[in-house]
Amino acid sequence: MSQFNLDGVWQLSSLTNPSITAPITLPGDVHSALLAADIIPDPYLGCNENQVQWVGEHDWQMTRSFNVDAALLEAEQIDLILSMVDTMAKIDVNGVTALHCSNMFRHYRRDIRPLLREGENHIRVTLNRADIEAKARAERLPFPVPWAVGNNQIPHMNTLRKTQCHSGWDWGICLLVSGIYDSIRIQPVSNARLHEVRTRQEWHGDEQCTIVASIHAELLDSALPQAAAIELVSPDGERKSMTAEVNSGTTNVSFIVQNPQRWWPAGYGDQPLYRLNVSLDGQVIEKQLGLRELTVDTSEDDAGAAMTFVVNGKAVMAKGANWIPLDAMPGKQTPECYRRLLEDAKAANMNMIRVWGGGMYERDVFYRLCDELGLLVWQDLMFSCALYPSTPEFIDDVRQEITEQVRRLSDHPSLALWCGDNEVIGAIGWYPESKINREKYVVNYDRLNRVLQEVVETEDPSRRFWASSPCNGELDFGDAWHDDNKGDMHFWDVWHSGKSFDAYHSIKPRFCSEFGYQSWPSLPTVKTFAEKDDWNVTSPTFEQHQKNGRGNSIITEMFTRYFRFPVDFAQMLYLSQVQQALAIKTASEYWRANKPLCRGILYWQLNDCWPVSSWSSIEYTGRWKQLHYHAKRFFAPQLAVFIDDGETLKLNVINDEHRKVDAKGQVTWYDWQGEVIDTWPVEATLDEDGNQVLWQCDRNVIVEHKHEGFFHVDMVCDGQTISNTWFDDVYKRLPLPKANVEAHVVDKDGTITVTLTTDKPAFFVHPEFEGEGRFNDSSFTLMPCSPVSLIYTGDASAEEISSKLSIYHLAKSYTPIH
């Protein structure tokens with residue numbers, strides 16, 4: 001007898017309107033099923049979001065039959081195992097209720113052996129309306145608990161343990177989805193249940209690591225102690241096996257690993273993974289383990305207090321972005337999409353992803369990929385931008401949720417920190433009810449937050465619990481939106497408060513876990529949701545795909561500060577992405593130049609859950625925005641950045657690697673025709689984990705020659721070329737040349753190369769291919785006599801690329817085409 005699942009095609013029907021029926025594939029969601037059956041239009045197209053709101057206002061039923069043979073019924077018990085059930089659900093087997101679910105983040109397991117019969121069996125899942133349940137729960141609360149007004153379009157989602165952004169966010173479509181998003185398993189149990197396996201590591205210097213595996217099992221009443229088979233497989237394939245006698249409760253076994261291969265974050269070393277397999281009574285649990293030591297240094301120093309992730313005794317510069325759910329329709333959250341997006345994060349030299357608290361505890365595939373790719377995970381618990389109940393019922397449910405999630409995820413080497421919530425302590429000051437009675441709501445917050453801390457520290461003492469993001473530190477809930485001397489910071493003064501980009505130079509955060517700037521999607525992505533008549537930033541369709549109320553105004557207003565206004569819609573889209581890249585580049589480069597004071601930069605946000613105007617660096621279609629190409633450069637292990645302190649223009653060269661690196665190149669002062677005004681050679685051995693000033697120029701000299709040209713640096717560090725460009729004024733006041741940039745596409749032995757040339761300096765040069773695939777670089781400075789050859793990755797032919805390639809650059813954005 002072995003486990004099987006009930007994945008596949010079920011029958012979906014509306015209990016509100018029984019004439020609405022369709023097949024539904026589980027794991028999956030109701031909206032995806034209705035879309036596949038042509039019952040609803042694509043919610044992502046045009047203004048169709050408004051046309052599908054009725055789906056969340058129906059109760060739904062999913063049914064199927066399955067066969068049970070006599071051999072299965074020989075098992076003492078047969079468990080139905082469920083997770084990611086969204087959200088209010090009742091499961092009936094052969095007409096008898098087996099289980100009620102009410103928390104999307106919980107795991108459910110019930111013995112359904114008494115309900116099964118030999119032959120055909122029937123299972124029915126009833127999904128009740130989330131909005132009605134949320135309202136009913138809010139009405140039962142002893143006092144009002146403000147929900148995420150301004151983000152959620154459906155009230156009181158904070159009373160439900162459900163992905164908060166399902167009811168809309170300031171980048172998210174409002175789709176109140178429901179369904180089951182993980183495999184529905186049937187597990188026969190003859191003698192024992194294998195509930196879970198957890199591990200801990202005991203280090204003895206670099207030469208030895210002891211892996212202690214704790215096997216949590218439950219023996220059936222009549223069962224004798226059972227033999228569990230345990231095997232550890234090294235990254236090199238070496239196997240160690242043992243058998244252990246297991247009783248109810250916890251059984252510990254140990255493996256001693258000599259000369260362990262350590263796991264490192266991306267950019268600091270390799271990611272060797274050990275495999276642990278435990279088998280008991282026909283049940284198998286498989287783990288992949290990374291052997292590593294990780295701490296968070298928050299010790300006090302002269303500037304305040306550090307916030308540094310330390311892996312295997314080495315300080316890490318955390319570089320990355322915030323992660324939101326992969327798709328607004330969970331049925332589209334495929335392993336292939338996860339891999340593509342996380343590989344793209346690593347390709348941009350990221351080593352940390354923050355799983356944001358308004359989404360969900362991610363699927364297993366997400367964490368496995370982060371383990372493999374070396375992406376550390378800052379894991380928020382699922383609370384965001386609202387206040388939450390502290391009733392005994394709510395806390396008991398959350399206590400079980402966090403217990404289960406910590407036990408599920410704590411063996412992943414990528415998981416670096418547990419964070420209690422996103423901006424919930426700050427939200428006390430946002431809502432009228434809590435602003436006028438702050439003490440009451442602080443106590444309410446503390447009741448829940450202390451439970452989160454207690455569970456995390458009990459279940460996973462190996463990791464740090466961080467109360468909230470942002471947070472100044474242990475029991476220090478100051479203004480972490482503006483205080484930069486300790487803890488993690490969310491800095492939104494540029495986007496939300498309208499400050500210019502140089503405001504990023506006014507702070508020196510220890511760890512900035514949120515900051516961002518919006519852009520519009522590229523034209524190829526716009527074409528996936530808007531007809532040509534709606535190619536206008538104030539058209540109904542385009543505004544439907546802009547969820548931040550002031551977003552379009554902020555983008556266009558900032559144009560007027562820095563740039564000459566673009567000539568058409570396509571150039572507006574392009575320029576918005578230049579502007580976004582410039583904002584995040586300005587912050588990231590300056591903060592990296594303040595290392596070791598700053599040890600973490602996570603911008604908002606990596607991805608989109610539908611095609612939309614947003615802060616993302618990768619569009620919903622998978623297309624890299626210019627920001628992502630810039631991130632590949634400003635997150636590189638070595639970075640050369642010009643820093644203007646008002647008196648001196650300096651070149652800081654940063655090396656994040658824990659080894660010395662030779663660097664050689666030159667700083668050149670060019671005029672606008674690309675002729676050299678002056679040049680300075682630069683050569684040094686970069687210090688391990690260092691930050692050095694390798695060149696400087698008196699600012700007065702530059703002022704005397706204002707607008708005559710620009711500074712550019714090219715350096716080779718360990719075989720890699722790093723470059724940067726600096727201008728002495730905002731772009732709209734510079735005499736940018738009207739460069740003629742040409743592209744030459746060649747297919748040589750299956751490798752497609754696009755070579756770009758120019759007659760004059762061109763800036764933020766961006767080749768945009770309308771089809772699938774991408775280039776290895778974009779949004780760079782292109783000089784005469786220095787062609788740039790780009791490698792295309794994708795399935796298109798050279799002919800197709802030539803016919804569908806557009807070349808953008810900054811001066812072209814405002815130059816009318818005659």
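Quantities reported herein were computed from a predicted structural model and do not represent experimental measurements. In what follows, residues are counted from 1 in the order of the sequence shown. Side chains are part of it too, since the values below use all heavy atoms of this structure and drop only hydrogens, waters and symmetry mates.
- The aromatic rings of W169 and W356 stand perpendicular to each other, their planes meeting at an angle above 60°, with 30° marking the opposite boundary.
- Relative to the six-membered ring of Y108, R110 misses at least one condition, a distance below 6.0 Å or an angle of at most 45° to the axis.
- Neither side chain, D281 nor Q226, offers a donor N or O lying under 3.5 Å from an acceptor on the other.
- A donor-acceptor pair is defined here as one N or O able to donate and one able to accept, closer than 3.5 Å; such a pair exists between the side chain of Q283 and the backbone of L194.
- The closest side-chain donor-acceptor pair between Q77 and R193 falls under 3.5 angstrom.
- The aromatic rings of Y181 and H166 sit perpendicular, their planes meeting at an angle over 60°, well past the 30° parallel limit.
- Distance alone, capped at 3.5 Å, places no donor-acceptor pair between the S468 side chain and the G420 backbone.
- A side-chain donor-acceptor contact under 3.5 Å links Y367 and Q379.
- Side chains of S616 and N607: no donor on one and acceptor on the other come within 3.5 Å.
- Using modelled atom types, one finds no donor on one side chain facing an acceptor on the other under 3.5 Å when comparing S178 with D86.
- Side chain to side chain, Y620 and D327 meet the donor-acceptor criterion of an N or O pair below 3.5 Å.
- Side chain of H412 to main chain of D364: no donor-acceptor pair is present (N/O by atom type, distance under 3.5 Å, no hydrogens or angles).
- Checking side-chain atoms of D7 against main-chain N and O of I184 turns up a donor-acceptor pair under 3.5 Å.
- Remark: the backbone N or O of Q271 is not paired with any side-chain donor or acceptor of E372 at under 3.5 angstrom.
- Between the side chains of Q261 and D236, at least one donor-acceptor pair of N or O atoms lies under 3.5 Å.
- Using a 3.5 Å distance cut-off with no hydrogens or angles, the side chains of N422 and S469 do not pair a donor with an acceptor.
- For S410 and D460, the side-chain atoms include no donor-acceptor pair closer than 3.5 Å.
- Of the possible donor and acceptor atoms, none in the side chain of R447 sits under 3.5 Å from a partner among the backbone N and O of S390.
- In terms of modelled atom types and a separation under 3.5 Å, the side chain of D421 and the main chain of S384 share no donor-acceptor contact.
- For the residue pair N322 / R354, a side-chain donor-acceptor distance below 3.5 Å is found, with atom types taken as modelled.
- Looking only at atom types and distance, the side chain of R408 has no donor-acceptor partner in the side chain of S83 under 3.5 Å away.
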So E202 and R200, salt bridge (Lys or Arg N to Asp or Glu O under 4.0 Å) or not? Walk me through it. CA-CA 7 Å; E202 299 174 354; R200 71 177 189 272; 3.2 Å; yes

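- Aromatic pair F511/W378: ring centres closer than 6.0 Å.
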